[in-house]
Q: 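The structure that follows is given in the form of structure tokens.
Note that this is a predicted model, so its numbers are computed, not measured. Atoms within each ligand, like the ligands themselves, are counted from 1 in listed order.
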Amino acid sequence: MRLVLLGAPGAGKGTQAKKLIEKYGIPQISTGDILRQNVAEGTPLGKEAKGYMNAGKLVPDEVVLGLVKDRLKKDDCKKGYILDGFPRNTAQAEALDKILDSLGISLTGAISVDVPLGDLMKRLTGRRTCKGCGQMYNIYFSTAKKEGVCDKCGGALYQRDDDKEETIKKRLDEYEAKTAPLIGYYKNKGILKSIAGTGGIDDIFAEVCAAAEGK
Ligand code: AP5
């Protein structure tokens, strides 16, 4: 299974990807997570990416493509993967096609998780993430049992730097201008499935799995 998860910031891509990992035993490749790790570690790449991320802008394609090419070479990708937050524009989608072509493989599906714009702000301003295991919570919709502490691993919960209202608005604009056109890109290839990303996380997951399995 080689999937692309599409959707606006806050649509629930990461939430669904984590459940897909558990069910299918394939890795999630989140360019956002890889970039944030580089920022946290203060690597040269992280230093370059930080300004773009905090401004709600896309990080330059050459930086992201280098990361993805390296990641796809790892052994755990042999069984497949879930691409979360990549590709983010047409140039990245075309570059991904070339990488896969050169390996003699192709994507098995692209799933668009659709959530009305009006719901996204609360999802993003309310999001809290575990520093230890990456589990996501939301102060409005799915709180941790003990405030600020992860139910799963006891790690501390933090708020992402780019989950501030002003930055979120810019991320949503960037999504509409650059990423939303990929819905048409994958529709034209005949591999797009669109599902509603509102309602219970498990109900959405059932739809995601059906789409991933081509049902
Ligand atoms: P990235 O990390 O990819 O962020 P994003 O696309 O903005 O998506 P999010 O992670 O914010 O949302 P999500 O859809 O995963 O939602 P989640 O599951 O967390 O990118 C960040 C930045 O990195 C970019 O702005 C850019 O600068 C850079 N970048 C990354 N990739 C790049 C690329 N390829 N090219 C260039 N630049 C790149 O859910 C959100 C919240 O909602 C959570 O609190 C969750 O608990 C809650 N929630 C989930 N589902 C539901 C539900 N059904 N009902 C209620 N609440 C829900």
Side-chain angles (χ1 to χ4, degrees), residues 4-21 28-40 45-46 48-69 71 82-93 95-96 111-116 118-130 134-144 150-151 157-164 166-180 182 195-208:
V4 164
L5 282 187
L6 292 171
K13 303 180 295 294
T15 302
Q16 296 298 327
K18 289 195 168 38
K19 293 175 78 68
L20 287 166
I21 301 173
Q28 167 199 23
I29 300 180
S30 160
T31 41
D33 285 350
I34 299 172
L35 289 166
R36 273 186 292 282
Q37 196 181 337
N38 276 276
V39 171
L45 192 150
E48 185 181 353
K50 188 175 179 178
Y52 293 99
M53 295 172 81
N54 288 346
K57 301 240 168 245
L58 293 187
V59 172
D61 290 346
E62 59 274 19
V63 175
V64 175
L65 285 168
L67 289 178
V68 172
K69 272 184 202 155
R71 184 64 187 84
I82 308 140
L83 292 168
D84 164 11
F86 176 89
R88 212 55 168 235
N89 57 27
T90 307
Q92 291 184 12
L96 174 64
I111 302 176
S112 172
V113 182
D114 302 335
V115 174
D119 293 359
L120 297 171
M121 188 57 83
K122 210 166 175 183
R123 284 196 186 189
L124 291 168
T125 53
R127 172 169 48 196
R128 300 293 182 270
T129 309
C130 175
Q135 178 65 33
M136 252 102 58
Y137 297 87
N138 195 288
I139 58 167
Y140 303 113
F141 308 117
S142 50
T143 50
C150 179
D151 294 348
L157 305 186
Y158 78 102
Q159 184 171 24
R160 268 170 48 174
D161 286 343
D162 60 349
D163 277 347
K164 298 185 177 80
E166 272 317 296
T167 315
I168 292 168
K169 283 184 191 151
K170 290 183 187 135
R171 287 163 59 200
L172 293 172
D173 288 346
E174 196 82 332
Y175 170 79
E176 282 303 327
K178 297 180 180 163
T179 312
L182 293 183
I195 62 156
T198 45
I201 287 169
D202 289 339
D203 294 335
I204 298 166
F205 185 58
E207 300 272 330
V208 169

Q: Looking at Asp119 and Val115, what are the two nearest heavy atoms and their distance?
A: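 So the minimum-distance heavy-atom pair works out to CB-CG1, 3.7 Å.
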Q: Please say whether more than 12 non-hydrogen atoms of neighbouring residues, nucleotides or ligands are located less than 6.0 Å from NZ in Lys57.
A: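 No, NZ of Lys57 has 12 or fewer neighbouring heavy atoms, counting only those of other groups under 6.0 Å.
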Q: What I want to find out is whether Lys170 reaches Asp173 closely enough, with some N-O distance under 4.0 Å, to be called a salt bridge.
A: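 Salt bridge flag = no for Asp173 with Lys170.
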Q: Compare every heavy atom of Cys150 with every heavy atom of Gln135, then report the nearest pair and how far apart it is.
A: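 Gln135 and Cys150 have their closest heavy atoms at CB-SG, 4.1 Å.
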Q: Among Arg123, Arg171, Lys169, which residue meets the salt bridge (Lys or Arg N to Asp or Glu O under 4.0 Å) test with Asp163?
A: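 Of the listed residues Arg123, Arg171, Lys169, the salt bridge (Lys or Arg N to Asp or Glu O under 4.0 Å) partner of Asp163 is Arg171.
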Q: Mind checking what residues have non-hydrogen atoms under 4.0 angstrom from ligand 1?
A: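 Protein residues near ligand 1 are Ala8, Pro9, Gly10, Ala11, Gly12, Lys13, Gly14, Thr15, Thr31, Gly32, Leu35, Arg36, Met53, Lys57, Leu58, Val59, Val64, Gly85, Phe86, Arg88, Gln92, Arg123, Leu124, Arg127, Met136, Tyr137, Asn138, Phe141, Ser142, Arg160, Asp162, Arg171, Gly197, Gly199, Ile201, Ile204.
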Q: Report the residues that fulfil side-chain hydrogen bond (donor to acceptor under 3.5 Å, both in side chains) with Lys164, sequence neighbours left out, ordered by chain and then residue number.
A: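 Lys164 satisfies side-chain hydrogen bond (donor to acceptor under 3.5 Å, both in side chains) with no residue once adjacent residues are dropped.
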